[in-house]
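Please read all numbers here as calculations on a predicted model, not as lab measurements.
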Amino acid sequence: MKVNRRKFIQSTGVLGTSVLVPGFLAQLTNCTPPPSARVAREINKLVVIQLSGGNDGLNSVIPYQNDLYYSNRPKIAIQKNKVLVASDDYGFSPQLTSLKRLYDEGLLSVINGIGYPNPDRSHFRAMDIWHTAGDANHHKNTGWIGRYLDAKCVEQFSPHEAVEMSNLLSRVMKGERGNGLALTDPFNYDKTIPELVNRRWVNETSGSVDNSNLGFLYKTAQNGYASLDYLKSLSKLYTSSADYPSTVLGNELKSVGQLINAGSTSSVYYVSHTGFDTHANQAGSIRWPLKVFNDGIDSFVKDLKSTGALDSTLILVFSEFGRRVEENASGGTDHGTANCVFLIGNQLNRAGIYNDIPDLSNLENGDLKYSIDFRQVYATILDKWLKVDSEVVLKKKFEHLSFI
């Protein structure tokens, strides 16, 4: 039976279903096999947690001794007696008890003033800039993790090198030659694959194709099933005893923790958490998303610590932008620019408050002025943690930071 490209794509959805497009590079023969699970436990892992909507950094890490903070936010500022004091100048939101504990244990670094030139206040464009690591005036079609996969292939290849806990693959995971793997449940994926995508049909048909490009699509589908089978098999090797919260983020972090603790060869994991677009009633509306994040990260770190996996895991927490310094008339905050990021792990060179927040008396159109380009964070992680050439991935050289 001969099958043309159109029929194959329409029948299997191999290009439209992210679960079947897990980042296989076009030149598979140039890549070496993945390491064993034993070796994988020693390979550095990166977990990225995206706080979508623009988390308010000023109300997360609070300059509680700064009078300008309180004068700009008479309704929504966290009062001094409620701040979880971390230093003489800064403290954490009362919802962020786990971050305070990680700070006390030397497992947290807070980097303030993160941004980029000519910032964009659109959710979609700002997140796109963070995903692609491009300039504000330049659109890229690939993401920084996707390009990491391209660079990583020179040394070793794994179909599931980067895993996103989602039913859709974000641009951040898309490379020039391949993509990451997106799925919602690595241990029960067979319940989410569309019925039209039939493993047996793909396997039986792949030998009869007469087009090299179409043949590669079949190979991609077959390898996709193999990659998913591998991830599911890890559920038999480790079952977490950590008490994760029953939230979407909690369940996703539990899956990531189980994969890491079971010795998965994946090196990057990506999860997202929403609810941070607080234009009105911020004092009330922000409590739940912060609590969900706080409880999820608390269980996740405890889970990794219990097995020693935190030794080789670095967690990056970011949001697409911060909020404006002055509260609005609705008791909320509008889209801002510079913000803080959190880095969590026990291999940090500079734990604690990495640097001060931007000067609240020297704003730019009501916004904080950035002092550190977010791509410096990426470059540091790529070069020092993931061990690939950041200039190749980011297409530009950025100065390193000293958090690792």
Side-chain angles (χ1 to χ4, degrees), residues 18-20 22-24 31-49 107 145 148-149 152 155-167 169 173 179-193 199 223-272 295-316 344-347 385-387:
S18 61
V19 78
L20 283 182
F24 305 98
C31 301
T32 57
S36 67
R38 181 184 63 81
V39 175
R41 285 294 298 270
E42 302 173 359
I43 294 175
N44 286 345
K45 314 291 194 305
L46 173 67
V47 178
V48 182
I49 301 177
L107 299 177
I145 293 177
Y148 156 75
L149 295 177
K152 184 70 171 178
E155 299 175 4
Q156 67 182 42
F157 171 75
S158 174
H160 42 271
E161 185 76 28
V163 177
E164 181 176 9
M165 304 304 298
S166 173
N167 58 0
L169 197 67
M173 304 289 278
N179 305 320
L181 170 65
L183 68 167
T184 55
D185 188 343
F187 307 119
N188 294 288
Y189 69 86
D190 45 348
K191 297 178 182 179
T192 63
I193 296 177
R199 180 193 303 246
N223 287 339
Y225 282 121
S227 181
L228 291 166
D229 285 344
Y230 166 74
L231 293 178
K232 186 174 182 179
S233 71
L234 294 174
S235 64
K236 302 175 182 178
L237 301 180
Y238 177 84
T239 300
S240 174
S241 60
D243 185 20
Y244 283 89
S246 298
T247 59
V248 173
L249 179 66
N251 290 331
E252 291 177 347
L253 289 175
K254 182 177 182 179
S255 292
V256 172
Q258 188 159 334
L259 288 173
I260 292 174
N261 283 325
S264 170
T265 56
S266 307
S267 60
V268 179
Y269 302 85
Y270 202 98
V271 298
S272 299
D295 294 352
I297 201 68
D298 182 59
S299 298
F300 183 57
V301 172
K302 287 179 179 177
D303 196 6
L304 296 185
K305 284 178 65 177
S306 70
T307 64
L310 190 62
D311 292 344
S312 57
T313 303
L314 179 67
I315 304 167
L316 167 66
I344 301 167
N346 62 7
Q347 303 293 332
W385 190 254
L386 296 177
K387 307 299 184 183

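Closest of all the heavy-atom pairs between E252 and M165 is OE2-O, 3.4 Å. The shortest heavy-atom contact between L149 and A162 is CD2-CB, 3.9 Å.
S299 contributes no side-chain N or O that, together with a main-chain N or O of G296, makes up a donor-acceptor pair within less than 3.5 Å. Within the 3.5 Å criterion, the main-chain N or O of V268 finds no donor-acceptor partner in the side chain of E161. Between the side chain of W385 and the backbone N or O of T313 there is no donor-acceptor pair closer than 3.5 Å. S264 places no side-chain N or O within donor-acceptor distance of the main-chain N or O of I260, the cut-off being under 3.5 Å. S166 places no side-chain N or O within 3.5 Å of a backbone atom of L169 that could act as its donor or acceptor partner. The main-chain N or O of T184 is never found under 3.5 Å from a side-chain atom of N167 such that the two would form a donor-acceptor pair.
Each of V248, V163, L253 was checked for a side chain to side chain contact (heavy atoms under 4.5 Å, CB included) with V271, and the lone residue meeting it is L253.
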task: Could you walk me through whether F300 and I315 pass the side-chain contact (heavy atoms from CB on, under 4.5 Å) test, one step at a time?
output: CA-CA 10 Å; F300 183 57; I315 304 167; 3.7 Å; yes
field: Full working for side-chain contact (heavy atoms from CB on, under 4.5 Å) between T247 and D295
entry: CA-CA 10 Å; T247 59; D295 294 352; over 6 Å; no
message: One pair to check against side-chain contact (heavy atoms from CB on, under 4.5 Å): L314 and I344. What are the steps and the verdict?
response: CA-CA 6 Å; L314 179 67; I344 301 167; over 6 Å; no
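S267 contributes atom OG, which lies 8.0 Å from atom CG of L46 (distance to the nearest 0.5 angstrom). L386 CG to K152 NZ: the interatomic distance, rounded to the nearest 0.5 Å, is 7.5 Å. One finds the CG atom of L310 at 4.5 Å from the CG atom of N346 (value rounded to the nearest 0.5 Å). In this structure, Q347 CD and D311 CG are separated by 6.0 Å, a value rounded to the nearest 0.5 Å. Separation of atoms CD1 (I49) and OG (S272) is listed at 10.0 Å; rounding is to 0.5 Å.
The shortest distance between side-chain heavy atoms of L259 and Y269 falls below 4.5 Å.
A donor atom on one side chain and an acceptor atom on the other are found under 3.5 Å apart for T265 and H160. Inspection of the N44 and S312 side chains reveals no N or O donor paired with an N or O acceptor under 3.5 Å. Judged purely by distance below 3.5 Å, without hydrogens or angles, the side chains of Y244 and D303 pair a donor atom with an acceptor atom.
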